[in-house]
Number of protein chains: 2
Amino acid sequence: MDPHLLRTYVTVVRLGSFSEAARELGYTQSAVSQHIAALETDLALSLLTRRPVAPTPAGERLLEHAGALLLRLDAARADLDRFAAAPRATLDVAASPLALHARTLAALPATGVTLRAVPRERVPVAVATGEADAGLVDGVAAPSDPLRLPDVAPLTATGVAEEPLAVVLPTTHPLAGRTGLRLDDLVDARWLEAPTAGIPLDRLRAVHGGPAGRGFRTALRYEGGDPRTLAALAAAGHGLALLPLPLATDVPGATAVPLVAPRLVHRTELLLPAGADAEPTGPVAEFTGRLKS
Amino acid sequence: MDPHLLRTYVTVVRLGSFSEAARELGYTQSAVSQHIAALETDLALSLLTRRPVAPTPAGERLLEHAGALLLRLDAARADLDRFAAAPRATLDVAASPLALHARTLAALPATGVTLRAVPRERVPVAVATGEADAGLVDGVAAPSDPLRLPDVAPLTATGVAEEPLAVVLPTTHPLAGRTGLRLDDLVDARWLEAPTAGIPLDRLRAVHGGPAGRGFRTALRYEGGDPRTLAALAAAGHGLALLPLPLATDVPGATAVPLVAPRLVHRTELLLPAGADAEPTGPVAEFTGRLKS
DNA sequence: GCCCGTCATAAGCATTCGTGATGCGAGGTG
DNA sequence: CACCTCGCATCACGAATGCTTATGACGGGC
């Protein structure tokens, strides 16, 4: 299970073709064929169906493992490269959209900052692989509880902000007058699924603990990145939205009611490569210093 | 960063010697020397000090990455080997000591079971690498919240039991008369640290959220595996112990007071290789079926 | 000061790995 | 229906990698 073989395997699957993969990797088609053959004999398994080229069930499993492995490998290399590299004068930050709010934006240095908005799950990856010097992720957690992040590499996470959660409903909604809402009251409601602009509902489904698939049905799925649009959708009656309270206010036609049970907050965390906090100076230190104080 | 090179690197560090590592790996000393040299030139870093042989700071970092990588690699191989292997007639269970209680023990099949008690953090590893067919881990979490387990490989975790937590104190202790205790009341107390027999206090320190190092000081460290001994130590006044309530009762000279705040429970989870739940029959299915019902 | 243990380096050799050429089977085309 | 074409498998060869043996360099112990 040489990483090179895994690398060609995943590209073959991704492109659905040996020859295409060979082109992309700079090999000949023959080499790719031999790589796959080597993997299959090594594992004594058939990994791919040819014609069409698609992974077998065993191949699917290998794909999961291979992805994680190659990621960790890249992360390791990036991490160790940092050791030798000269301290950077610029700051690359990867952030999930909702992790960008007054507190985090204010901490950014005045110059030399590149800010990249990426999906939530890609933030740890970006930091681990060195694409970004630091990351900002948001998510839902119990108060002062750390987020559950996939550990692709040794990263340190520190909480930088916690805000209440609010349910956004049309002003005409029967529950709009409440001062607080319990999740139990909303299990049967229709929700807006917005993985990027909003907060994924998986966590709610898990917390609620009901049988899988029950509750929190999706009315409409919004794949854009703008929370105000999401709130507007809620105002228009397309379903309920879940947002950090500060983002949910002042939306025409919508009312934001804080979620009071279960006790959950919208939490933002700063992600750094483990060991990077030792750096005493530079833009990274400036940024993290301002965030932690 | 060939896994072979990493493998020799970690053994060199572990044994503190090139020659020893060569012997263990079945290489010549020369090969080991070249492996290390290859790594160092590839990363353009000095990884080891010679004489004595010890990792440099950069080497320490590599060690972390290498460990995780090799683990995942073994896990991947084990997982895919399972695909080809014939269904097993026996059941190997790796369990942390406190995960073994009435509920889990009752679910074990009558014959063909090997039960291995391992430290908490080794359970996921054992399941991932195929040393065990299934795992039982215990830990502390908020009610109906999953445990935080290191993801060494795609594993599925399902909760099988939750019990209240109790603080064990000498009957003569001023707080022994309470019906419930808040963690805040106990920050300044002396505690028994018992990573195997008891519940590690890290989680409490994290939940309490105080400044690092403050609170929950350790009076005595017990490295044995018997919770009753731990409770007896608490009875003898060596410090407070934290145990699942059922284990903390009926200890002479000690009183168990439930922990009421923060709301935490002692949770036991079943760990299976992801995808293994598909198996319809055999001892694994019997075990998991009984646990989930 | 000599010797022994340990790591580094050099040369030789076997194995591995990638390339180019060729074979083979499936699907499309006239 | 024969033929062509496209795409993966296989083969043989040259290059490169990796391991071994042999030797050198350096420290620490007696």
Side-chain angles (χ1 to χ4, degrees), chain A residues 1-60 62-63 66 69-70 73 76-77 80 84, chain B residues 1-60 62-63 66 69-70 73 76-77 80 84:
Chain A
M1 297 228 313
D2 187 321
H4 291 218
L5 303 189
L6 294 180
R7 180 104 48 192
T8 72
Y9 175 71
V10 298
T11 49
V12 164
V13 172
R14 176 163 50 84
L15 300 176
S17 156
F18 284 47
S19 332
E20 284 286 323
R23 254 184 295 279
E24 177 166 321
L25 296 169
Y27 287 139
T28 55
Q29 172 266 319
S30 170
V32 171
S33 189
Q34 292 180 53
H35 279 188
I36 303 299
L39 269 179
E40 290 188 321
T41 60
D42 177 31
L43 297 170
L45 282 170
S46 151
L47 298 172
L48 290 174
T49 64
R50 329 294 153 101
R51 230 176 306 266
V53 174
T56 63
E60 298 274 7
L62 179 60
L63 215 53
L69 268 164
L70 295 175
L73 209 60
R77 154 142 278 131
L80 287 163
Chain B
M1 297 230 313
D2 186 323
H4 290 220
L5 304 188
L6 294 180
R7 181 103 48 193
T8 72
Y9 175 72
V10 298
T11 48
V12 164
V13 172
R14 176 163 51 83
L15 300 176
S17 156
F18 284 47
S19 332
E20 284 286 321
R23 254 185 295 279
E24 178 166 320
L25 296 169
Y27 287 138
T28 54
Q29 172 266 320
S30 170
V32 171
S33 188
Q34 292 180 50
H35 281 186
I36 304 300
L39 269 178
E40 289 189 321
T41 60
D42 177 30
L43 297 170
L45 282 171
S46 150
L47 297 172
L48 290 173
T49 63
R50 329 293 152 104
R51 229 178 306 266
V53 174
T56 63
E60 298 273 8
L62 179 59
L63 215 52
L69 268 165
L70 295 175
L73 209 60
R77 154 140 278 132
L80 287 164

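Everything numeric in this text was worked out from a predicted model, so none of it was measured.
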With sequence neighbours excluded, what pairs up with B:D2 under the salt bridge (Lys or Arg N to Asp or Glu O under 4.0 Å) test?
none

Heavy-atom protein contacts under 4.0 Å, nucleotides 25-30 of chain D, coded B base, S sugar-phosphate only, - none
-BS---

Give, ordered by number, those residues of residues 27-47 of chain A having at least one heavy-atom distance below 4.0 Å to an atom of DNA chain C; if nothing qualifies, reply none.
A:Y27, A:T28, A:S30, A:A31, A:Q34, A:H35

Give me the residues of residues 17-25 of chain A where at least one heavy atom lies under 4.0 Å from an atom of DNA chain C, by number, or none.
none

Return each pair, listed once, that meets salt bridge (charged side-chain N to carboxylate O under 4.0 Å, His left out) where at least one residue sits in residues 3-13 of chain B; pairs must be two or more places apart or across chains.
B:R7-B:D74

Pairs touching residues 25-47 of chain B that satisfy salt bridge (charged side-chain N to carboxylate O under 4.0 Å, His left out), sequence neighbours left out
A:R77-B:D42, B:E40-B:R50

Over all strands shown, is A:G26 touching base, sugar-phosphate only, or nothing at heavy-atom distances under 4.0 angstrom?
sugar-phosphate

Which residues satisfy the side-chain hydrogen bond (donor to acceptor under 3.5 Å, both in side chains) test with A:Q29, sequence neighbours excluded?
none

Partners meeting side chain to side chain contact (heavy atoms under 4.5 Å, CB included) with B:A38 (sequence neighbours left out):
B:L5

Considering residues at least two apart in sequence or located in another chain, which fulfil the side chain to side chain contact (heavy atoms under 4.5 Å, CB included) criterion with B:P3?
A:P3, B:L70, B:L73

Taking the nucleotide of DNA chain C with the nearest heavy atom to each, does A:D2 or B:V53 sit closer to the 5' end?
B:V53

Filter on ring pair (Phe, Tyr, Trp, His ring centres under 6.0 Å), then keep only pairs touching residues 19-59 of chain A, sequence neighbours left out; what's left?
A:Y27-A:H35

Let me know the distance between NE2 of A:H4 and C1' of D:dA16, rounded to the nearest Å.
14 Å

Output, in order, the C-alpha distance, side-chain angles, deciding distance and verdict of side-chain contact (heavy atoms from CB on, under 4.5 Å) for A:L80 and B:L45.
CA-CA 8 Å; A:L80 287 163; B:L45 282 171; 4.0 Å; yes

Below 3.5 Å, can you tabulate the donor-acceptor pairs from side chains in residues 16-26 of chain A to any protein atom, sequence neighbours excluded?
| unit_1 | atom_1 | unit_2 | atom_2 | d |
| --- | --- | --- | --- | --- |
| A:S17 | OG | A:S19 | N | 3.2 |
| A:S17 | OG | A:E20 | N | 3.0 |
| A:E20 | OE2 | A:R23 | NH2 | 3.3 |
| A:E24 | OE2 | A:R14 | NH2 | 2.6 |

Between A:L69 and B:A76 the two heavy atoms that sit nearest each other are CD1-CB, 4.3 Å

